[in-house]
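The analysis underlying the following values was restricted to heavy atoms, covering all of them including side chains, and did not include hydrogens, waters or symmetry mates.
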Amino acid sequence: MNETIYAIALTRVSNFNFTQALALYRTLGSAANIYEHRNDIGDVLENCSPRIIEAMKNWDEPLRRAEAEMAFIEKHNIKVLTLNDENYPQRLAECADAPIVLYYKGTADLNKERIISIVGTRHCTQYGCDNIQRLVRELKELCPGMIIVSGLAYGADITAHRAALANGIETIGVVAHGLDTLYPARHRDTAHQMERQGGLLTEFMSGTNADKVNFVRRNRIVAGMSDATIVIESDLHGGSLITASIARSYCRDVFALPGAVGWQYSQGCNRLIRDNAAALFTRAEDIVNAMGWDYDRKRIAARNEGIERHLFPDLTANQQKIVELLTHTNDLQLNIISVKANLPIHVVTAELFELEMLGVLRPMPGGVFHLIG
């Protein structure tokens, strides 16, 4: 019987007691060795819980289930990554509660040089979606070989995955169930694309439903396999804040997109920034610079100054002035635009209306104006 079967069985024997199962695995070096010591586990691991000691004595059912899982895996071309596998995501392997087994269906190298996770509310607003799409486009330009990780959920997650696919970036969806199903089902077409340009990853074997508790377990993988976690929008409570907290516990960088005071789905991000639990970012360069990643700064500076391209060549001089202002500092209120652009309020009001009609910007809650793209 091979190591993979023992490793799969171990996850059932330990019933997801991550800390002690992982301690045993690292002490003995393999799941097969744990099986060999199944009757004297208390001697192997100091302070091992009586419950685990007793559970480790009975491997019959877990081994039968593991063999059935291997048949499913082989039939559906799924890769099994155990903790000792060189293809296992090594950033995640460093974490104290890393899964012993991962199931993976995809093509991306999970140990690429640069990996970030993008998370946020399932009720992502247009402001959040626009910023995700802009962020991904900019990341493509700055770090074209990176991987974007998220949870394939509604809102921010699926927006990040689809933006990555549209920009030719590999993207990994970490799911809270087995790979015999997909939740939510309406994301199935996107998931199939991701299998060819990234992949789907889970620690759960087939037959596991997307139960609520599984999403928190899923979040630690999203945080643990990434260099940094980026929170786009969040209420004061939500899964993305849990992911951010887990990322901090792993000593990973966390970034948050600020939003207007009083916006429901910016409250979580604004609090992260206020409490120094996340660094504020408004564009990809903020993240890349903070991470110390190299890129062609001169070319990007030229782009920002409008040397390489002119986004809106048909605008009037006043409209161009407003667009350039919002390009550098997006989401400003009318009076701020008036002051910074040195234009009267009535002129700014008229120009903003024209720009909205042209599809260049949109008014947002809080009386601010958001440049699109």
Side-chain angles (χ1 to χ4, degrees), residues 115-139 148-164 171-176 183-184 187 190 210-284 286-287 290-291 330-331 362 364-368 370:
I115 301 178
I116 63 163
S117 58
I118 297 177
V119 298
T121 177
R122 298 183 181 211
H123 307 284
C124 198
T125 68
Q126 192 62 55
Y127 167 76
C129 291
D130 286 348
N131 273 285
I132 290 172
Q133 291 163 356
R134 179 172 61 86
L135 171 64
V136 172
R137 285 198 304 271
E138 293 175 353
L139 287 171
I148 291 175
V149 178
S150 199
L152 206 64
Y154 292 110
D157 288 16
I158 194 63
T159 302
H161 291 308
R162 287 171 176 165
T171 181
I172 303 295
V174 184
V175 296
Y183 176 83
H187 295 166
T190 301
D211 296 329
K212 187 175 181 179
V213 66
N214 293 351
F215 287 95
V216 177
R217 292 174 177 169
R218 181 273 307 272
N219 290 349
R220 83 188 197 289
I221 299 175
V222 172
M225 67 181 293
S226 307
D227 298 302
T229 292
I230 300 169
V231 186
I232 295 297
E233 286 186 310
S234 176
D235 204 339
L236 288 174
H237 304 282
S240 57
L241 296 186
I242 294 173
T243 306
S245 177
I246 295 171
R248 291 197 305 276
S249 75
Y250 293 158
C251 298
R252 307 292 166 81
D253 290 273
V254 178
F255 298 88
L257 176 72
V261 174
W263 287 12
Q264 179 181 358
Y265 294 112
S266 288
Q267 291 183 96
C269 288
N270 290 344
R271 187 171 67 179
L272 285 173
I273 295 166
R274 182 201 68 190
D275 295 344
N276 294 318
L280 181 152
F281 85 94
T282 58
R283 56 176 48 206
D286 299 335
I287 296 167
M291 297 300 294
N330 209 352
D331 304 327
R362 67 163 57 91
M364 304 292 287
V368 302
H370 175 72

Test side chain to side chain contact (heavy atoms under 4.5 Å, CB included) applied to I232 and D157, L257, T125, the passing residue: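 Result: among D157, L257, T125, L257 is the only option passing the side chain to side chain contact (heavy atoms under 4.5 Å, CB included) with I232.
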
Picking from I115, I230, I116, what satisfies side chain to side chain contact (heavy atoms under 4.5 Å, CB included) with I148?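 Exactly one candidate clears the test, I116.
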
Where do [X] and [Y] come nearest, in terms of heavy atoms and distance?
X    : Y    : result
H370 : D331 : ND1-OD1, 2.6 Å
A247 : T229 : CB-OG1, 3.6 Å
V222 : S117 : CG1-CB, 3.6 Å
V231 : F281 : O-CE2, 4.3 Å
N270 : P258 : OD1-CA, 3.5 Å
A228 : M291 : CB-SD, 4.0 Å

Does the side chain of [Y] come within less than 4.5 Å of [X]'s, by heavy atoms?
X    : Y    : value
R248 : L272 : yes
L241 : R271 : yes
Q133 : R162 : no
H187 : Y154 : yes
I242 : F215 : no
R252 : M225 : no
Q264 : T121 : no
N219 : V119 : no

At what distance, to the nearest 0.5 angstrom, does [atom1] of [X] lie from [atom2] of [Y]?
X    : Y    : atom1 : atom2 : value
R220 : S245 : CZ    : OG    : 14.5 Å
I118 : I287 : CD1   : CD1   : 7.5 Å
T171 : H161 : OG1   : NE2   : 4.5 Å
H123 : S234 : NE2   : OG    : 10.5 Å

Steps toward side chain to side chain contact (heavy atoms under 4.5 Å, CB included) verdict (R134, R283): CA-CA 8 Å; R134 179 172 61 86; R283 56 176 48 206; 3.7 Å; yes

When you measure from the side chain of D286 to the backbone of T282, do you find a donor-acceptor pair of N or O atoms at a distance under 3.5 Å?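 Yes, because the side chain of D286 sits within donor-acceptor range (under 3.5 Å) of the backbone of T282.
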
Kindly say whether G239 contributes a backbone atom to a donor-acceptor pair with the side chain of T243 at under 3.5 angstrom?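 Such a contact is found between T243 side chain and G239 backbone.
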
